[in-house]
Number of protein chains: 2
Amino acid sequence: MGTARRPGAYVCGVDAAMDVVGGKWKVLILWALGERVRRFGALRRELPGVTEKVLAAQLRELEADGIVHREEYPEVPPRVEYSLTARGVALNEALAPLGRWGRDHVLDDGSPAAGQVREDDDVPLVAGTA
Amino acid sequence: MGTARRPGAYVCGVDAAMDVVGGKWKVLILWALGERVRRFGALRRELPGVTEKVLAAQLRELEADGIVHREEYPEVPPRVEYSLTARGVALNEALAPLGRWGRDHVLDDGSPAAGQVREDDDVPLVAGTA
DNA sequence: CTGTATCCCACACGATACTG
DNA sequence: CAGTATCGTGTGGGATACAG
């Protein structure tokens, strides 16, 4: 549906989702907006290192994909608030297990030698065909 | 854990995971290996459009991240089999909800073109998660 | 405050050829 | 069969400046 930037051939749902969420800052934006509604400037402060151009671009894409809602208040000075749509909330929830995996397996898995994977610690067990 | 390609500052688990799984073909590789062990050539045939160079590179990265296991058989002609590690299986499972979201929200489901999507084979489920 | 408009560049990816 | 080696490229993203 929304604005698939890639040609049209998604092999499965995962890479379709990856396309939506693939920008460098998007999951962080999702995460921030998952907590509460945020203004543009708040988002920028929340994501150290992002530039306005890129933040605006990713916000646009997320909006085009129906993930975030942009509410513009015609005041002066201008105020714009971003929030998650229902679809965005669902996406955020679908991301949660991945976040848990990341915390458990790449952030800090507890082992001091975690930095370098030696060949004897990766278990070759095969994914079950079932 | 292994080989964080990004500087070191992951804000949360999700972007850490995104870094691991961020390559263009990685989720597809994960998906394929989730079904069964595959040889290099089988993988290449499975992923239409990937070149050997890129496939090899992404495989190397996944291996370095402890996601896939590479088993080389000293035969002639050479044979190499790739499989998921326990960590890879867990990652694949963590990806499942995202895959479901993608199927439901970006793969054209409500439109007349929905017939293009082969709904019988695109569920990436690895194990009993479903 | 909330953005565009340019310019620029690294790096992921692709094409092709070659090797153990 | 299972890869490397080389070279070329597109584009996502960064810096900076400007605008409503």
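Computed from a prediction, not measured in an experiment: that's the story for all the values here. All chains are named by letter (A, B, ...) in the order of the sequence lines, taking the proteins before the strands, and each is independently numbered beginning at 1.
Each of B/Leu59, B/Leu62, B/Leu47 was evaluated against B/Trp25; a single residue qualifies, B/Leu47, per the side chain to side chain contact (heavy atoms under 4.5 Å, CB included) test.
B/Thr85 places no side-chain N or O within donor-acceptor distance of the main-chain N or O of B/His69, the cut-off being under 3.5 Å. When atom types are taken as modelled, the side chain of B/Asp19 and the backbone of B/Ala16 share no donor-acceptor pair closer than 3.5 angstrom.
Across the helix from C/dC1-D/dG20 to C/dG20-D/dC1, the helix axis at one end is tilted relative to the axis at the other end by 50° (nearest 10 degrees, each axis from five pairs).
Closest approach of A/Arg70 to A/Tyr82, counting heavy atoms only: NE-OH, 3.3 Å. Here the closest heavy-atom approach between residue B/Ser83 and residue B/Val37 is recorded as CB-CG2, 3.8 Å. Among all heavy-atom pairs drawn from B/Cys12 and A/Trp31, the shortest one is CB-CZ3, 3.8 Å.
For the segment residues 52-59 of chain B, the set of residues with a heavy atom within less than 4.0 Å of an atom of DNA chain C comprises B/Glu52, B/Lys53, B/Val54, B/Gln58, in numerical order. In the region residues 39-50 of chain B, proximity to DNA chain C at under 4.0 angstrom, judged on heavy atoms, holds for none of the residues.
Rounded to an integer number of Å, the gap from CD of B/Glu71 to P of D/dG3 is 12 Å. Atom pair A/Lys24:NZ and C/dA10:P shows a separation of 14 Å (rounding to whole Å applied). Here D/dA2 presents its P atom at 12 Å from CZ of B/Arg60, a figure rounded to the nearest Å. For the pair B/Arg79 CZ and D/dA2 P, the computed distance is 9 Å after rounding to whole Å. Taking atom CD on A/Glu81 and atom C1' on C/dC1, their separation rounds to 13 Å, with Å as the unit. If you measure from atom CD1 of B/Ile29 to atom C1' of C/dA12, you get 14 Å, rounded to the nearest angstrom. Here D/dG3 presents its C1' atom at 16 Å from CD of B/Glu61, a figure rounded to the nearest Å. Following rounding to the nearest Å, B/Glu72 (CD) and C/dG20 (C1') show an atom-to-atom distance of 11 Å.
The shortest distance between the side-chain N/O atoms of B/Tyr82 and the OP1/OP2 oxygens of D/dC1 is not below 4.0 Å. Using a 4.0 Å cut-off, some side-chain N or O of B/Arg70 falls inside it from OP1 or OP2 of D/dG3.
Counting heavy atoms from C-beta on, the side chains of A/Pro78 and A/Tyr73 never come closer than 4.5 Å. Residues B/Phe40 and B/Glu52 form a side-chain contact, since some pair of their non-hydrogen atoms from C-beta on lies under 4.5 Å apart. Under the 4.5 Å side-chain criterion, counting only non-hydrogen atoms from C-beta, A/Ile67 is not in contact with A/Glu63.
A salt bridge links B/Lys26 to B/Glu61: at least one charged side-chain nitrogen sits closer than 4.0 Å to a carboxylate oxygen. Using a cut-off of 4.0 Å between Lys/Arg side-chain N and Asp/Glu carboxylate O, B/Arg38 and B/Glu81 are scored as not salt-bridged.
Among the nucleotides D/dC1, D/dT4, C/dT2, the one closest to any side-chain atom of B/Pro78 is D/dC1.
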